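Side-chain atoms are counted along with the backbone in the values below, which use heavy atoms only and exclude waters and symmetry mates. What you are looking at is a predicted structure, and each value in this text was computed from that prediction instead of being measured.
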Amino acid sequence: MKLFLDTANIDLIKQWMPTGVIDGVTTNPSLIAQEKNGNIKAALLDICNMVNGDVSIEVVEKTPEKVYAQAKEISNLAKNVVVKIPFAQEYLPVISKLTKENIKINVTLIFSLTQALLVSKLNVKYISPFIGRWDDIDIDGMELIKDLVTMKKNYNFKTEILAASIRNVIHLQKSILYGADVATIPPLLLDKVFKHPLTIQGIEKFDNDWKKLNKTNMFNEK
Ligand code: E4P
């Protein structure tokens, strides 16, 4: 399973990359707006250079013609760029054309199995089902992940299921259990994985017990 960081924050990406567990990054217009980076192109290029894996960058144009042109521009930024395009009927011909040109596409804002089926038929690299936003309206978003995994198996689609809008540890754990190909995780949530109270308590106990031995060097007998 691949783990992506869901952020446009360069410092956080810099901090997490050396752990070796981050396989890519997802950004969106809201995440970019939060960072208030003066030069957006330079910031996105920095992210692409820092990350050893796919970096999703979303189009912000609206008409199909402009979305196509912007998708081409985004894909030319770096080799590891994936162009993120929101699901919409008018963009399907654009997506179809782009995948035929071997441009990697991540279709975002997926909320149903049928939406996912349509774009999987177009050979996009990723589909991004938004779990948390289903939960926001009191519907269990995890069910969609289960259904998408079944769809992928039934029809042998290559399109990867990228669990997005992950808001809590349960979302992440269920994405792992249900077989999502990728989970994109906000850095704050990833922090929580390391702050498990039993892990912290366990480390403290090992430290305290070890200190009682009063040894300056583990293997020095004196
Ligand atoms: C990532 O690809 C999505 O844009 C992101 O996970 C959306 O998360 P949100 O619903 O918490 O904004």
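In this structure, the side chain of Gln70 engages the main chain of Val60 through a donor-acceptor pair within 3.5 Å. A donor-acceptor contact shorter than 3.5 Å links the side chain of Gln115 to the backbone of Phe111. Listed for the Asp6 side chain is no donor-acceptor partner under 3.5 Å among the backbone atoms of Thr184. Using a distance-only test at 3.5 Å, with no hydrogens or angles considered, no donor-acceptor pair links the side chain of Lys2 to the main chain of Gly24. The backbone N or O of Cys48 sits less than 3.5 Å from a side-chain atom of Asn80, completing a donor-acceptor pair. The main-chain N or O of Lys125 is never found under 3.5 Å from a side-chain atom of Thr159 such that the two would form a donor-acceptor pair. At least one donor-acceptor pair under 3.5 Å links the side chain of Thr99 to the backbone N or O of Leu122.
Salt bridge status for Asp207 with Lys211: absent, with no side-chain N to carboxylate O gap under 4.0 Å. Between Asp209 and Lys212 a salt bridge is recorded (basic side-chain N to carboxylate O distance below 4.0 Å).
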Q: May I have the step-by-step check of side chain to side chain contact (heavy atoms under 4.5 Å, CB included) for Val82 and Val55, ending in yes or no?
A: CA-CA 6 Å; Val82 176; Val55 176; over 6 Å; no

**Q.** Derivation of the side chain to side chain contact (heavy atoms under 4.5 Å, CB included) call for Ile103 and Lys72
**A.** CA-CA 8 Å; Ile103 291 172; Lys72 298 280 280 184; 3.7 Å; yes

Q: Any chance you could lay out the side chain to side chain contact (heavy atoms under 4.5 Å, CB included) test for Asp135 and Asp138, step after step, and finish with the verdict?
A: CA-CA 5 Å; Asp135 284 12; Asp138 299 325; over 6 Å; no

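Asp140 has its side chain out of reach of Trp134: every pair of non-hydrogen atoms, C-beta onward, lies at least 4.5 Å apart. With a 4.5 Å cut-off on side-chain heavy atoms, Tyr155 and Lys121 do not count as touching. Proximity of Thr7 to Thr27: side-chain heavy atoms (C-beta onward) are nowhere separated by under 4.5 Å. Counting only heavy atoms from C-beta outward, the side chains of Leu98 and Val94 approach each other to under 4.5 Å. In this structure, the side chains of Arg167 and Ile131 stay at 4.5 Å or more apart for every pair of heavy atoms. Proximity of Lys84 to Asn28: side-chain heavy atoms (C-beta onward) are separated by under 4.5 Å at one or more points. Between Ile85 and Ile105 there is a side-chain heavy-atom pair separated by less than 4.5 Å. The closest side-chain heavy-atom distance from Pro129 to Ile145 is below 4.5 Å.
Glu143 CD: more than 12 foreign heavy atoms inside a 6.0 Å radius. Environment of CD in Gln89: sparse, with no more than 12 heavy atoms of neighbouring residues, nucleotides or ligands closer than 6.0 Å. Remark: Asn168 CG is packed, more than 12 non-hydrogen atoms of other residues, nucleotides or ligands lying under 6.0 Å away.
Here the NZ atom belonging to Lys14 is positioned 10.0 Å from the CG atom belonging to Asn9, to the nearest 0.5 angstrom. Taking OG1 from Thr63 and OH from Tyr68, the interatomic distance works out to 13.5 Å, rounded to the nearest 0.5 Å. Here the straight-line distance linking atom CG of Leu144 with atom CD1 of Ile127 works out to 8.0 Å at 0.5 Å rounding. Interatomic distance, NZ of Lys79 versus CG of Asn49, reported as 12.0 Å (0.5 Å rounding). Considering CD1 of Ile57 and OG of Ser75, their distance stands at 10.0 Å, rounded to 0.5 Å. Here the straight-line distance linking atom CG of Asn208 with atom CD1 of Ile203 works out to 12.0 Å at 0.5 Å rounding.
Transitive grouping of hydrophobic side chains (ILVMFWY, heavy atoms separated by less than 4.5 Å) keeps Val21 and Leu12 in distinct clusters. In the hydrophobic clustering of this structure, Leu31 does not group with Leu44; members are Ile, Leu, Val, Met, Phe, Trp, Tyr whose side-chain heavy atoms approach within less than 4.5 Å, directly or through other members. By the criterion of side-chain heavy atoms lying less than 4.5 angstrom apart, applied directly or through intervening Ile, Leu, Val, Met, Phe, Trp or Tyr residues, Phe4 is not grouped with Val51; the two fall into different hydrophobic clusters. With hydrophobic clusters built from ILVMFWY side chains whose heavy atoms lie under 4.5 angstrom apart, Ile13 shares a cluster with Leu45. A single hydrophobic cluster is not seen to contain both Leu5 and Leu188; linkage of ILVMFWY side chains at heavy-atom distances under 4.5 Å, directly or through other members, places them apart.
Nearest heavy atom pair, residue Ile47 against residue Ala8, reads CD1-O, 3.8 Å. When all heavy atoms of Pro86 and Tyr91 are compared, the closest pair comes out as O-CD1, 3.3 Å. Listed here is the closest heavy atom pair of Val182 and Met1: C-CE, 4.1 Å.
Ring centroids of Phe130 and Phe87 are separated by 6.0 Å or more, keeping the two rings apart.
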Validation: residues 172-181 side-chain donor-acceptor distances under 3.5 Å, sequence neighbours left out:
from	atom 1	to	atom 2	distance (Å)
Ser175	OG	His171	O	2.7
Asp181	OD1	Lys152	NZ	3.3
Asp181	OD2	Lys152	NZ	3.0
Asp181	OD2	Ile161	N	2.7

Atom pairs and distances, side-chain donor-acceptor, residues 189-202, under 3.5 Å, sequence neighbours left out:
from	atom 1	to	atom 2	distance (Å)
His196	ND1	Leu198	N	3.1

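Within the structure, no pair that satisfies the salt bridge (charged side-chain N to carboxylate O under 4.0 Å, His left out) test touches residues 86-97, not counting sequence neighbours. Counting only residues at least two apart or in different chains, salt bridge (charged side-chain N to carboxylate O under 4.0 Å, His left out) contacts with residues 23-39 are absent. Residue pairs that meet the salt bridge (charged side-chain N to carboxylate O under 4.0 Å, His left out) test with at least one member in residues 102-118, sequence neighbours left out, are Asp54-Lys104.
Judged by distance alone, the side chains of Lys100 and Ser96 do bring a donor and an acceptor atom under 3.5 Å apart. No side-chain N or O of Ser128 forms a donor-acceptor pair with one of Thr108 less than 3.5 Å apart.
Residues that satisfy the salt bridge (Lys or Arg N to Asp or Glu O under 4.0 Å) test with Lys66, not counting sequence neighbours, are absent from this structure.
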